**Q** 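Dumping the structure here so I can ask a few things about it.
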Amino acid sequence: MQSQQSRVLVQLRDLILKGAFAPGERLAEIPIAERLDASRTPVRLAFATLEQEGLVQSSPSGGYVMRAFTRKEIDDAIAVRGVLEGMAARLVAENGLTRQMQEDMNDCLRLGDEALAAPELTIDAYADYVEMNNRFHDLLLKFADNAALTRAIELNNRLPFAAASATLPMHSSTGDGRQWLLITHNQHRSILHAIERREGTRAQALAMEHVEVARMNLRHAYETADESRGLMPALRLLSRP
């Protein structure tokens, strides 16, 4: 049961973040259980967890409904990620990197260099960059070696668009996508350089500044919602003014 409950929670959260449900839509247990090939109990327990995470809300008539999110909620979540990852960068810098840690981070960033090497960004190169980006942020958190910080970031990342690569799909919708990715990748290099020099305060400031690109992407996605929804279906979860 525990294994099925975990699987259902992951699957249901993934459906929500992919925009499978419209804001205000009633989330009926039986159809969703059938869709996920699960029994009703783990679905019901998953909804309770998702309510605690702020992804769904209870209905006065019983059960749960999909909620909408404001631009401010998501923007705040991205800003919080910047603060948390800034703390992670500072801790890694202050604690110092082992040779293996340094090699892991440099190997990771080399994959980003390769993904952006060609003058035009292909779909495959873009996918490679997203994978590299996720790994870089995961390594930063891993090397910070702070369980409370890890839990805080994992919880924050459960909100739509809050995770490290959540707004990257917007890059592929613009002609200057590669240039934007080059900017973010240069920021990765600057963060690692500060960490290698054990400049904790600088590493923290750079990591906090790094999320500003994600916040700009979110604003662009919101302002061009009709064009962007095909790339980011979860945009339907954002309430309009």
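These figures come from a predicted structure and were not determined experimentally.
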**Q** Measure across A77 and L159 and return the closest heavy-atom pair with its distance rounded to 0.1 Å.
**A** CB-CD1, 3.7 Å
**Q** Out of curiosity, does F21 fall in the hydrophobic cluster containing I74 (side-chain heavy atoms, cut-off under 4.5 Å, transitive links)?
**A** yes
**Q** For P23 versus A68, what's the shortest heavy-atom pair and its separation?
**A** CB-CB, 3.8 Å
**Q** Can you list everything that forms a side chain to side chain contact (heavy atoms under 4.5 Å, CB included) with S59? Sequence neighbours excluded, please.
**A** S61, V65
**Q** Does A33 offer a backbone N or O that forms a donor-acceptor pair with the side chain of R40 under 3.5 Å?
**A** no
**Q** Is the ring pair H210/H137 parallel, tilted or perpendicular, if the boundaries are 30 and 60 degrees?
**A**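 Answer is parallel, since the angle falls under 30°.
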**Q** What verdict does the side chain to side chain contact (heavy atoms under 4.5 Å, CB included) test give for V8 and I32, after you've listed the backbone C-alpha separation in whole Å, the side-chain angles of each residue and the deciding distance to 0.1 Å?
**A** CA-CA 10 Å; V8 168; I32 289 177; over 6 Å; no
**Q** Rounded at 0.5 Å granularity, tell me how far CG in L140 sits from CE in M105.
**A**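 Answer rounded to 0.5 Å: 5.0 Å.
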**Q** For a quick test of reading the model, state the closest non-hydrogen atom pair linking Y129 to A115 and the distance between them.
**A** N-CB, 4.0 Å
**Q** Heavy atoms, side chains only, cut-off 4.5 Å: are L111 and E131 in contact?
**A** no
**Q** Under the criterion side chain to side chain contact (heavy atoms under 4.5 Å, CB included), I'd like the reasoning laid out for R189 against D113: C-alpha separation, chi angles, the key distance, then a yes or no.
**A** CA-CA 10 Å; R189 286 286 182 195; D113 295 339; 2.5 Å; yes
**Q** Could you tell me the separation between the CG atom of L206 and the CD1 atom of I191, rounded to the nearest 0.5 Å?
**A** 6.0 Å
**Q** Which distance, rounded to the nearest 0.5 Å, do you find between the CG of L84 and the CD of E154?
**A** 11.5 Å
**Q** If Ile, Leu, Val, Met, Phe, Trp and Tyr residues are connected whenever their side-chain heavy atoms lie under 4.5 Å apart, and connections chain through other members, are L182 and Y126 in the same group?
**A**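 Yes.
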**Q** Is there a donor-acceptor contact under 3.5 Å from the side chain of E73 to the main chain of T70?
**A** yes
**Q** Looking at every heavy atom in both A162 and R81, which two are closest together, and how far apart are they?
**A** O-NE, 2.5 Å
**Q** Applying side chain to side chain contact (heavy atoms under 4.5 Å, CB included) between T150 and each of L141, D145, D138, report the one that passes.
**A**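 Exactly one candidate clears the test, L141.
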**Q** Indicate yes or no: at least one non-hydrogen side-chain atom of R151 is less than 4.5 angstrom from one of L155.
**A** no
**Q** Are a donor atom and an acceptor atom from the side chains of Q102 and E196 found within less than 3.5 Å of each other?
**A** yes
**Q** CZ of R197: more than 12 outside heavy atoms within 6.0 angstrom?
**A** no
**Q** Any side-chain heavy atom of I30 sitting closer than 4.5 Å to one from E34?
**A**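 Result yes, sub-4.5 Å side-chain heavy-atom pair found.
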**Q** Taking V80 as the starting point, is it possible to reach I153 by hopping between hydrophobic residues whose side chains are less than 4.5 Å apart?
**A**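 Per the 4.5 Å side-chain linkage, I153 and V80 are co-clustered.
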**Q** Ignoring hydrogens and geometry, is there a side-chain-to-backbone donor-acceptor pair from R26 to G63 under 3.5 Å?
**A**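 No, the answer is negative, given that no donor and acceptor are paired below the 3.5 Å cut-off.
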**Q** Is atom CD of Q11 surrounded by more than 12 heavy atoms (other residues, nucleotides or ligands) closer than 6.0 Å?
**A** yes
**Q** Before giving the answer on side chain to side chain contact (heavy atoms under 4.5 Å, CB included), spell out for M132 and E114 the whole-Å C-alpha distance, their side-chain angles and the decisive distance to 0.1 Å.
**A** CA-CA 10 Å; M132 180 283 308; E114 294 171 5; over 6 Å; no
**Q** How far does CG of L27 sit from CD of E29, to the nearest 0.5 angstrom?
**A**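 So the gap between those two atoms works out to 10.0 Å.
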**Q** Specify the closest pair of heavy atoms between F143 and L97, including all atoms of both residues, with the distance to one decimal.
**A** CD1-CD2, 4.3 Å
**Q** Tell me whether I183 is reachable from M216 by hopping between hydrophobic residues (I, L, V, M, F, W, Y) whose side-chain heavy atoms are closer than 4.5 Å.
**A** yes
**Q** Hey, is the main chain of L55 close enough, under 3.5 Å, to the side chain of R158 for a donor-acceptor pair?
**A**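 Answer holds: no.
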**Q** Identify the heavy atoms of L139 and D104 that sit nearest to each other, and give their distance.
**A** CD1-O, 3.8 Å
**Q** Supply the atom-to-atom distance F136 CZ to D107 CG, rounded to the nearest 0.5 angstrom.
**A**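 Atom-to-atom, F136:CZ and D107:CG are 13.0 Å apart.
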**Q** Going hydrophobic residue to hydrophobic residue with side-chain gaps under 4.5 angstrom, can you get from M208 over to L192?
**A**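 No, it is not one cluster - the side chains of M208 and L192 are not joined through contacts under 4.5 Å.
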**Q** Does V83 form a side chain to side chain contact (heavy atoms under 4.5 Å, CB included) with V211? I'd like the steps, not just the answer.
**A** CA-CA 9 Å; V83 172; V211 302; over 6 Å; no
**Q** Check whether any side-chain heavy atom of R35 lies under 4.5 Å from a side-chain heavy atom of L15, and answer yes or no.
**A**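 Side chain of R35 against side chain of L15, heavy atoms only: contact under 4.5 Å found.
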**Q** So how far is it from H193 NE2 to N186 CG, rounded to the nearest 0.5 Å?
**A** 13.0 Å
